[in-house]
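Notes follow once the structure below has been shown.
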Amino acid sequence: NLTEEGGPKICLVQCRPMQTTGTVEPVEIPAEVEVRRVLFKSKGHTMGGGISRRLDRVIYVRPSVYCRAPLNRRYEIARLIGRLNRATSERGEVTTMLMGPGRWGTTTPSLGVPVSFAEINNTNVLVEIAYEGGNLMPELSFGTHFFHDLVENDIFYVALFPQEAGVIFNEDLLRALPNQLSEVLPDYGRHGDCVGLYDVSGLRLRIFADVASQGVLCLAEGE
């Protein structure tokens with residue numbers, strides 16, 4: 001900010017230690033890839049070190065539907081995410097990526113999905129999407145809502161800005177797969193238009209991130 005005299009005024013809002021996990025070795029991100037195989041590609045806006053990790057399933061909250069949902073439905077969707085999170089722990093070793101609009105863990109549904117950390121603690125990769133539309137404000141948390149929890153639970157964080165130059169986000173790659181939400185939680189099947197539960201093992205979906213280049217790529221290595 002500037003003072004009335006035009007001088008600088010610095011306000012310290014948050015001060016947190018930054019810790020990275022994951023591999024300490026450089027991660028080689030594939031350079032030449034077919035765009036149709038890319039779920040998302042970006043640079044910067046990650047937290048969690050370098051990784052190369054296969055994903056078994058993706059839980060995806062569609063921004064375009066969520067932003068039009070009434071307040072009570074947004075809270076229902078948050079509780080649904082918690083149910084899916086518990087179902088993950090019951091299935092054992094399943095690598096899960098959770099994607100959705102705005103801030104995960106906000107107390108204000110207009111900013112994102114109002115979950116508690118206990119409702120997403122079995123997630124391996126957490127993605128916040130800066131979606132502009134409806135009455136959803138595209139302000140991301142950059143992991144600050146659950147900072148220490150993300151670090152302690154080795155959860156990799158990505159902030160995705162689809163409108164930025166050079167960023168790729170292809171939700172059709174997921175939506176071409178069967179939505180298993182009704183099979184896993186029949187009582188919540190009515191939310192299938194907004195929440196997708198996808199088995200991505202057949203795609204051989206893998207996320208790459210490199211600390212040095214700050215690049216991140218989520219790629220379907222299979223057919």
Say whether, by atom type as modelled, one donor and one acceptor occur between the side chain of [X] and the main chain of [Y] under 3.5 angstrom.
X: Glu119; Y: Ser116; value: yes
X: Thr3; Y: Gly7; value: yes
X: Asn179; Y: Val195; value: yes
X: Arg53; Y: Arg206; value: no
X: Arg74; Y: Cys67; value: yes
X: Arg37; Y: Val33; value: no
X: Asp210; Y: Ser213; value: yes
X: Tyr66; Y: Gly112; value: yes
X: Asn170; Y: Phe40; value: no
X: Thr106; Y: Arg103; value: no

Glu164, CD atom: more than 12 neighbouring heavy atoms under 6.0 Å = yes
Nearest heavy-atom neighbours spanning [X] and [Y]:
X: Asp193; Y: Val65; result: O-CG2, 3.5 Å
X: Met97; Y: Cys218; result: CE-SG, 3.8 Å
X: Gly215; Y: Ile29; result: O-CD1, 3.3 Å
X: Arg79; Y: Val115; result: NH2-CA, 4.0 Å
X: Ile129; Y: Pro162; result: CG2-CG, 3.8 Å
X: Asn121; Y: Ile155; result: O-CD1, 4.3 Å

message = I'd like to know whether Cys194 forms a side-chain contact (heavy atoms from CB on, under 4.5 Å) with Arg73, so could you lay out the CA-CA distance, the side-chain angles of the two residues, the decisive distance to 0.1 Å, and finally the verdict.
response = CA-CA 10 Å; Cys194 185; Arg73 191 184 187 198; 3.9 Å; yes
Separation between OG1 of Thr96 and OH of Tyr198, rounded to the nearest 0.5 Å = 14.5 Å
inquiry  = Working to the nearest 0.5 angstrom, can you tell me the gap between Thr95 OG1 and Asp56 CG?
reply    =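 One finds 4.5 Å between OG1 of Thr95 and CG of Asp56.
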Is there a side-chain contact between [X] and [Y] (heavy atoms, below 4.5 Å)?
X: Leu205; Y: Glu221; result: no
X: Ile77; Y: His191; result: yes
X: Val167; Y: Leu160; result: yes
X: Thr107; Y: Pro114; result: no
X: Val38; Y: Leu217; result: yes
X: Leu219; Y: Leu39; result: no
X: Phe156; Y: Asn124; result: no
X: Ile81; Y: Ile59; result: yes

request  = Using only heavy-atom distances, determine whether the side chains of Tyr157 and Glu128 contain a donor-acceptor pair under 3.5 Å.
outcome  =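 Checked: Tyr157/Glu128 side chains pair up, N/O donor to acceptor below 3.5 Å.
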request  = For the residue pair Tyr60 and Glu171, confirm or rule out a side-chain donor-acceptor distance under 3.5 Å.
outcome  =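 Judged by distance alone, the side chains do pair up.
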Kindly work out whether a path of hydrophobic side-chain contacts (I/L/V/M/F/W/Y, heavy atoms less than 4.5 Å apart) joins [X] to [Y].
X: Ile207; Y: Leu177; value: yes
X: Leu185; Y: Val61; value: yes
X: Ile120; Y: Tyr75; value: no

ask   = Given the rule in the side-chain contact (heavy atoms from CB on, under 4.5 Å) test, do Leu197 and Leu84 qualify, once you have shown the distances and angles that lead to the verdict?
value = CA-CA 9 Å; Leu197 174 64; Leu84 290 174; 3.9 Å; yes
request  = Answer yes when Glu76 and Arg83 have at least one side-chain N-carboxylate O distance shorter than 4.0 Å, and no when they do not.
outcome  =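 Arg83 and Glu76: not salt-bridged.
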inquiry  = Could you walk me through whether Val94 and Asn122 satisfy the side-chain contact (heavy atoms from CB on, under 4.5 Å) test, starting with their C-alpha distance in whole Å, then the side-chain angles of each, then the deciding distance to 0.1 Å, before giving a yes or no?
reply    = CA-CA 9 Å; Val94 177; Asn122 292 312; over 6 Å; no
request  = Take Val58 and Met99 through the test side-chain contact (heavy atoms from CB on, under 4.5 Å) and record every step on the way to the result.
outcome  = CA-CA 7 Å; Val58 174; Met99 308 178 68; 4.0 Å; yes
